[in-house]
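In what follows, a structure is listed as structure tokens, so that the remarks can point back to it.
In what follows, chains carry the letters A, B, and so on, assigned in the order in which the sequence lines appear, proteins first and then strands, with residues in each chain numbered from 1. None of these values were measured; they are calculated from a predicted model. Heavy-atom basis, side chains included; hydrogens, waters and symmetry copies ignored.
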Protein chains: 2
Amino acid sequence: MAASFLSKHKHIILYGVCLALLLFLLKWLELRLIIINHAFEVYIGAIAVIFTALGIWLALKLTKPKVRTVIVEKEVYIQHEGEFTPNERELQQLGLSNRELEVLQLMAAGLSNQEIAGRLFVSLNTIKTHSSRLFEKMDVKRRTQAVEKAKRLRIIP
Amino acid sequence: MAASFLSKHKHIILYGVCLALLLFLLKWLELRLIIINHAFEVYIGAIAVIFTALGIWLALKLTKPKVRTVIVEKEVYIQHEGEFTPNERELQQLGLSNRELEVLQLMAAGLSNQEIAGRLFVSLNTIKTHSSRLFEKMDVKRRTQAVEKAKRLRIIP
DNA sequence: GCAAAAATCATCCTAAAGTATGAAGCCCGT
DNA sequence: ACGGGCTTCATACTTTAGGATGATTTTTGC
């Protein structure tokens, strides 16, 4: 309590002590040397200068340097790597067969019909048939539309 | 010249004038009222306080308030939904022209070449040319590959 | 002003995608 | 047993996409 009071107001206390000491010194000099009338102005000037310096010092101590905090927002994208869950409701709504979904996924991956056929060990004709059925169920006209819609409905990642 | 000198050192000049005035005042009081012995301490105290205040004022005027800037980086997690920002680095890497990017975006939206042409008020031939250039730059063979790659590289949403 | 890049357009041709139609085999529910 | 859906495959045809080549105009950067 008392320590904290001292700590908080140590500058003001120091100021008071200086003032008291100065007054004591002047009183002492007044008694010892009767030269007040002679150098009165000198003393006043010294006092002024000393306490101006004290004031400056106090000002610098009391005024804390302002701290301006600038918050820079750094955007971090949350990756959905590997955490895709198909929208089962939409899947059921569309009524795609497993094979049709497989073809759709490979379409979205950028494979040509012939490549898809090879991947699934069936003929090109089979892929064309599945595509046709797929477009019908999804009410689209071409593969890019199918892929776009499938991603939008979260049927494929 | 003289004006600039005055302007530069106006605080110091003011300080000097105050000091002179104070000395004059005290001298005048000393002559009129012989009460120096009686209230000497009071005067000294007053002088001290006045010039301390002057000092503080001077300090505040002469020293510019220091402002320390602290930069705090705050990570803001952004869900990929809706707030898409293109990957400029990858875009620059690929060197797509603005028109090529436009065509890519409309491809990804499921439009046919003829539809894209209509949308951009150009001919079908122009779209085919842009597509060709686009596939070349992206090192892909067909639109589905272009779209898949563009999404993967976060060039399009 | 000049060169290069971008944008636009064309022609000719090939490849791939998409449509229509049909058929056969398998599986499951009634 | 039968019907419906799924899977597979075929043929013939049309439409769209993609490639190659070339030209002109506009824009951009030095």
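In this structure, the CG atom of B:Asn113 is 9 Å from the C1' atom of D:dG18, given to the nearest Å. If you take CG of B:Leu101 and P of C:dA7, they are 11 Å apart, rounded to a whole angstrom. Protein atom CD1 of B:Ile116 is 13 Å distant from nucleotide atom P of C:dT8, rounded to whole Å. Between the CD atom of B:Glu102 and the P atom of C:dA6 there is a distance of 15 Å, given to the nearest Å. Rounded to whole Å, atom P of D:dA17 lies 19 Å from atom CG of A:Leu111. Nucleotide D:dC6 holds its P atom 17 Å from the CG atom of A:Leu120, rounded to whole Å. With rounding to whole Å, B:Gln114 atom CD is found 17 Å from C:dA17 atom C1'. As rounded to whole Å, 14 Å separates atom C1' of D:dG19 from atom CZ of B:Arg143.
Side-chain polar atoms of B:Thr129 and B:Thr126 form no donor-acceptor pair below 3.5 angstrom.
In the region residues 121-137 of chain A, proximity to DNA chain C at under 4.0 angstrom, judged on heavy atoms, holds for A:Lys128, A:Ser132, A:Phe135.
What you find for A:Phe135 and A:Ala146 is that their closest heavy atoms are CE2-CB, 3.9 Å. Between A:Pro86 and A:Leu91, the closest heavy-atom pair is CB-CD1, 4.4 Å. The two residues B:Gly95 and B:Glu100 have their closest heavy-atom pair at O-OE1, 4.3 Å. Nearest heavy-atom pair across A:Met107 and B:Thr144 is O-CB, 3.7 Å.
In terms of position along DNA chain C, the nucleotide closest to B:Arg99 lies nearer the 5' end than the nucleotide closest to the other residue of the pair B:Arg142 and B:Arg99.
If one axis is set at each end of the helix from C:dG1-D:dC30 to C:dT30-D:dA1 from five pairs, those axes are 60° apart, to 10°.
A:Ile156 and B:Val147 are assigned to two separate hydrophobic clusters, defined by single-linkage of ILVMFWY side chains at heavy-atom distances under 4.5 Å. Hydrophobic clustering, with ILVMFWY side chains joined whenever heavy atoms are under 4.5 angstrom apart, keeps A:Leu111 apart from B:Met138.
Side-chain contact check for A:Ile116 versus A:His130: every heavy-atom pair is 4.5 Å or farther apart.
A:Arg152 CZ: more than 12 foreign heavy atoms inside a 6.0 Å radius.
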